[in-house]
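Structure first, then comments.
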There are 2 protein chains.
Amino acid sequence: MTGGAEETRLAAELIAVVVAANEAAPRILTVEDGKALPSGPFESGHRSLQSGLRAWVEERTRHPLGFVEQLYTFADRDRMVGGGRRRTISISYLGLAREAPTAPGTGASWQDWYRYFPWEDRREGEPAAIRTVIAPALGAWAKSGDGAPLRRERAERAAIAFGLNHQAWNEELSLQRYELLYETGLVPEAGEAAGRAGAPGAPMLHDHRRILATGIARLRAKIKYRPVVFELMPPAFTLLALQRVVEALAGVQLHKQNFRRLIARQELVEETGGMIAETGGRPARLFRFRRAVLRERAVAGTKLPLAPAR
Amino acid sequence: MTGGAEETRLAAELIAVVVAANEAAPRILTVEDGKALPSGPFESGHRSLQSGLRAWVEERTRHPLGFVEQLYTFADRDRMVGGGRRRTISISYLGLAREAPTAPGTGASWQDWYRYFPWEDRREGEPAAIRTVIAPALGAWAKSGDGAPLRRERAERAAIAFGLNHQAWNEELSLQRYELLYETGLVPEAGEAAGRAGAPGAPMLHDHRRILATGIARLRAKIKYRPVVFELMPPAFTLLALQRVVEALAGVQLHKQNFRRLIARQELVEETGGMIAETGGRPARLFRFRRAVLRERAVAGTKLPLAPAR
DNA sequence: GCCATTATGCTTCCCGTGAGCATAAGCCTG
DNA sequence: CAGGCTTATGCTCACGGGAAGCATAATGGC
């Protein structure tokens with residue numbers, strides 16, 4: 001059956017969500033003036049999907065990708081790229097790296113990821129746009145549903161996704177939030193109402209912003225049980241720097257003392273012996289990641305505290 | 001770059017891990033006399049990968065798939081199926097269903113999943129084969145490593161994967177276990193030593209047993225935080241029946257009272273009002289799944305207790 | 001020297017989980 | 001028909017981790 005007569009021509013494409021981070025914000029590698037994620041064809045020379053992606057990204061960033069993980073494979077019919085009769089299968093990956101200057105002329109650049117998802121950053125509390133724009137729009141959408149059950153379901157979905165009413169904010173729901181905004185026409189990618197008052201945040205080409213949302217969700221979930229944050233850290237760092245990076249990724253503030261306790265108890269780091277005179281305040285000790293835990297706890301749990309501060 | 005001259009021809013294939021379960025064991029849908037997972041080409045008529053898979057499986061089992069989730073996409077070069085110059089991309093899915101008679105003539109049949117992974121069933125304690133065959137073989141493999149660090153690393157990997165020494169058994173590591181057995185040549189799929197004393201369990205064609213191991217790992221992880229078990233249950237069931245199914249999936253015995261407490265506290269089920277006169281013992285109440293939780297907790301946590309009994 | 005700022009150590013409270021003890025309700029056996 | 005066996009259910013207790021706060025130690029800036 002595989003070789004039918006009316007065979008569709010297939011193409012395969014790799015799309016990468018490459019994440020780096022500093023204490024201020026997570027950064028993602030983009031192309032086309034920040035409007036697309038890096039992507040490239042899956043070529044016959046590639047040994048496997050993952051090695052293809054690795055080679056491809058490292059060529060551009062000149063920096064090795066530490067951690068790489070497959071995100072999702074899409075092949076929706078309405079997703080045909082390039083306009084031909086060719087069906088494209090897109091395989092997306094999440095990769096972690098350290099930020100380094102991009103090769104000039106490639107159009108590649110690093111961007112703050114909250115530029116695309118302003119509503120995902122709650123480190124300074126709930127962004128105003130949620131209350132002034134998003135919540136009202138979702139409320140209207142819920143009310144416009146046919147029949148009470150549908151209306152209730154919509155209101156409930158919105159409340160869970162955006163932590164409205166008395167629901168708690170769940171930082172891992174970034175994909176659901178984007179999908180909800182897409183479904184309700186609040187992001188320009190949905191086409192419908194480019195003029196209408198929509199959600200804030202820069203759009204991307206194709207469905208790249210959705211893929212980015214998938215990557216954010218995956219990474220936010222992952223940092224809670226695997227020591228992957230360290231892939232984003234410099235060789236030596238203070239505990240506060242580590243906390244700031246985790247907070248930047250999660251988009252939430254953490255309780256300092258508990259964060260330190262958890263890191264300490266799990267023996268994730270060891271002192272380098274050095275100290276650093278920060279910008280005011282008592283000097284902090286420098287730590288490095290204990291590479292050994294990658295072997296010891298190859299799979300076991302390594303939880304990061306995600307309890308809100310204050 | 002997408003349309004190069006020396007273009008590799010691509011084919012895409014969908015592979016399904018379809019799981020059902022009874023109180024005795026989880027069951028998987030197979031073809032070719034239990035030696036392969038159902039798979040089929042991804043056709044141009046399919047709207048999306050998932051809808052393609054759904055249509056395809058439902059046609060064969062005549063039963064709707066409740067829950068469907070993408071597992072992984074492979075395209076390793078050494079995985080070329082069919083021998084041609086054609087590169088195959090395989091997209092695997094996990095699906096949950098209720099067991100129903102398979103359509104005759106299709107070669108499809110349901111199989112106990114522990115037939116392929118005897119070492120994954122610890123409901124009656126550690127299977128003898130681990131102590132008599134697997135642990136010694138892994139021990140020899142570890143000792144044969146070049147250099148002390150490699151030997152230590154190997155011993156550690158084996159201990160973590162199979163819960164040797166003082167390590168706790170982690171039921172979610174089914175994929176790592178299979179990969180370890182593959183790497184050490186203990187499963188016939190590895191080719192090397194078909195004659196040597198290997199691990200027990202029926203092999204499968206291609207890399208299907210590895211895909212099944214991936215599905216098992218995913219499902220075992222999933223039942224802990226999402227109410228997916230109910231997709232496998234009949235409309236009404238006793239709490240013990242529910243527990244038995246969870247135990248069958250996890251391959252571990254659970255503490256009865258705690259299991260009930262957790263189910264009760266989360267309000268996952270409601271009484272149907274009926275009772276059932278079991279095989280001896282006090283009659284049990286019948287319950288049904290509260291569909292409402294799917295909306296209420298569309299994403300929040302729904303944990304199943306996986307604490308060992310006794 | 002006093003203040004602002006950050007680093008660190010410890011303590012308390014609360015809740016979920018892991019384990020058992022005890023009782024209720026049928027069925028089966030002698 | 002009583003006693004024993006088996007499964008259903010209710011409850012208690014102890015422990016450990018997580019969430020919040022209080023308190024003290026170092027520095028640099030005024």
Side-chain angles (χ1 to χ4, degrees), chain A residues 23-24 168-171 223-225 236-247 250 252-287 297 300-310, chain B residues 23-24 168-171 223-225 236-247 250 252-287 297 300-310:
Chain A
E23 295 183 36
W169 172 261
N170 181 342
E171 74 280 347
I223 54 173
K224 290 184 186 171
Y225 62 97
F237 48 83
T238 66
L239 291 181
L240 182 59
L242 179 63
Q243 181 178 348
R244 293 266 183 265
V245 169
V246 172
E247 289 178 333
V252 161
Q253 277 208 313
L254 304 178
H255 184 279
K256 192 168 178 175
Q257 295 92 325
N258 289 347
F259 181 85
R260 288 153 165 277
R261 180 181 55 184
L262 202 38
I263 299 295
R265 182 160 53 75
Q266 293 180 110
E267 303 179 291
L268 291 174
V269 298
E270 60 193 0
E271 291 189 44
T272 65
M275 298 275 268
I276 193 172
E278 203 75 8
T279 53
R282 171 172 168 176
R285 279 182 269 192
L286 284 172
F287 294 84
R297 253 164 294 174
T302 300
K303 304 202 290 186
L304 285 177
L306 275 175
R310 219 153 318 249
Chain B
E23 295 183 36
W169 173 260
N170 182 342
E171 74 280 348
I223 55 173
K224 289 184 185 170
Y225 62 98
F237 48 84
T238 66
L239 291 181
L240 183 59
L242 180 62
Q243 181 178 349
R244 293 263 184 266
V245 169
V246 172
E247 290 177 335
V252 161
Q253 277 209 313
L254 304 178
H255 184 281
K256 191 169 180 174
Q257 295 92 324
N258 290 347
F259 181 85
R260 289 154 164 277
R261 179 178 55 184
L262 204 37
I263 299 295
R265 184 161 52 78
Q266 295 181 107
E267 303 179 290
L268 291 174
V269 299
E270 61 194 358
E271 292 189 44
T272 66
M275 299 275 268
I276 193 171
E278 204 73 7
T279 53
R282 171 173 169 178
R285 280 182 266 191
L286 284 172
F287 293 84
R297 252 163 296 173
T302 300
K303 304 201 293 187
L304 285 178
L306 275 176
R310 216 154 321 250

Next item on the list: Using atom CD of Q243(B) as one end and atom C1' of dT9(D) as the other, report the distance to the nearest whole Å.
Entry: 13 Å
Next item on the list: Could you check if a side-chain atom of F287(A) sits within less than 4.5 angstrom of a side-chain atom of L242(A), using non-hydrogen atoms only?
Entry: no
Notebook entry, point to check: Does any N or O donor sit under 3.5 Å from an N or O acceptor when you compare the side chain of H255(A) with the base of dG21(D)?
Noted result: yes
Notebook entry, point to check: Separation of Q257(A) atom CD from dA25(D) atom P, in whole Å?
Noted result: 16 Å
Item checked: Integer-rounded Å distance: dG16(D) P and R265(A) CZ -> 12 Å
Item checked: Close side-chain approach of F259(B) and V246(B), heavy atoms under 4.5 Å -> yes
Next item on the list: Answer with base, sugar-phosphate or nothing: what part of the nucleic acid does R261(A) contact at a heavy-atom distance below 4.0 Å?
Entry: base
Next item on the list: For the pair E270(B) and R285(B), evaluate salt bridge (Lys or Arg N to Asp or Glu O under 4.0 Å) and give the outcome as yes or no after the intermediate values.
Entry: CA-CA 10 Å; E270(B) 61 194 358; R285(B) 280 182 266 191; over 6 Å; no
Check: For the pair made of CZ in F259(A) and P in dG17(D), what is the distance, rounded to whole Å?
Finding: 18 Å
Next item on the list: Specify the separation, in whole Å, of atom CD1 of I263(B) and atom P of dG16(C).
Entry: 15 Å
Next item on the list: Can you tell me the distance, in whole Å, between the CG atom of L262(A) and the C1' atom of dT8(C)?
Entry: 16 Å
Item checked: Separation of dA25(C) P from R282(B) CZ (nearest whole Å) -> 5 Å
Check: dT7(D) phosphate, OP1 or OP2: any side-chain N/O from K256(B) under 4.0 angstrom?
Finding: no
Next item on the list: Flag the pair K256(B) and E247(B) as a salt bridge only when some basic side-chain nitrogen lies within less than 4.0 angstrom of an acidic carboxylate oxygen.
Entry: no
Next item on the list: State the CG-NE2 distance between L262(B) and H255(B), to the nearest 0.5 angstrom.
Entry: 12.5 Å
Note to self: Counting only side-chain nitrogens and oxygens, does R285(B) get under 4.0 Å of the OP1 or OP2 atom of dA8(D)?
What the structure shows: no
Margin query: With nearest nucleotide decided by heavy atoms, which residue, M275(B) or R244(A), maps closer to the 5′ end of DNA chain C?
Written below: R244(A)
Check: Any N or O donor-acceptor pair linking the side chain of N258(B) to the base of dG18(C) at under 3.5 Å?
Finding: yes
Notebook entry, point to check: Tell me: CZ of R260(B) to P of dA24(C), nearest whole Å?
Noted result: 16 Å
Checklist line | Nucleotide of dG16(C), dG26(C), dG10(D) approaching P283(B) most closely (side-chain heavy atoms) | finding: dG26(C)
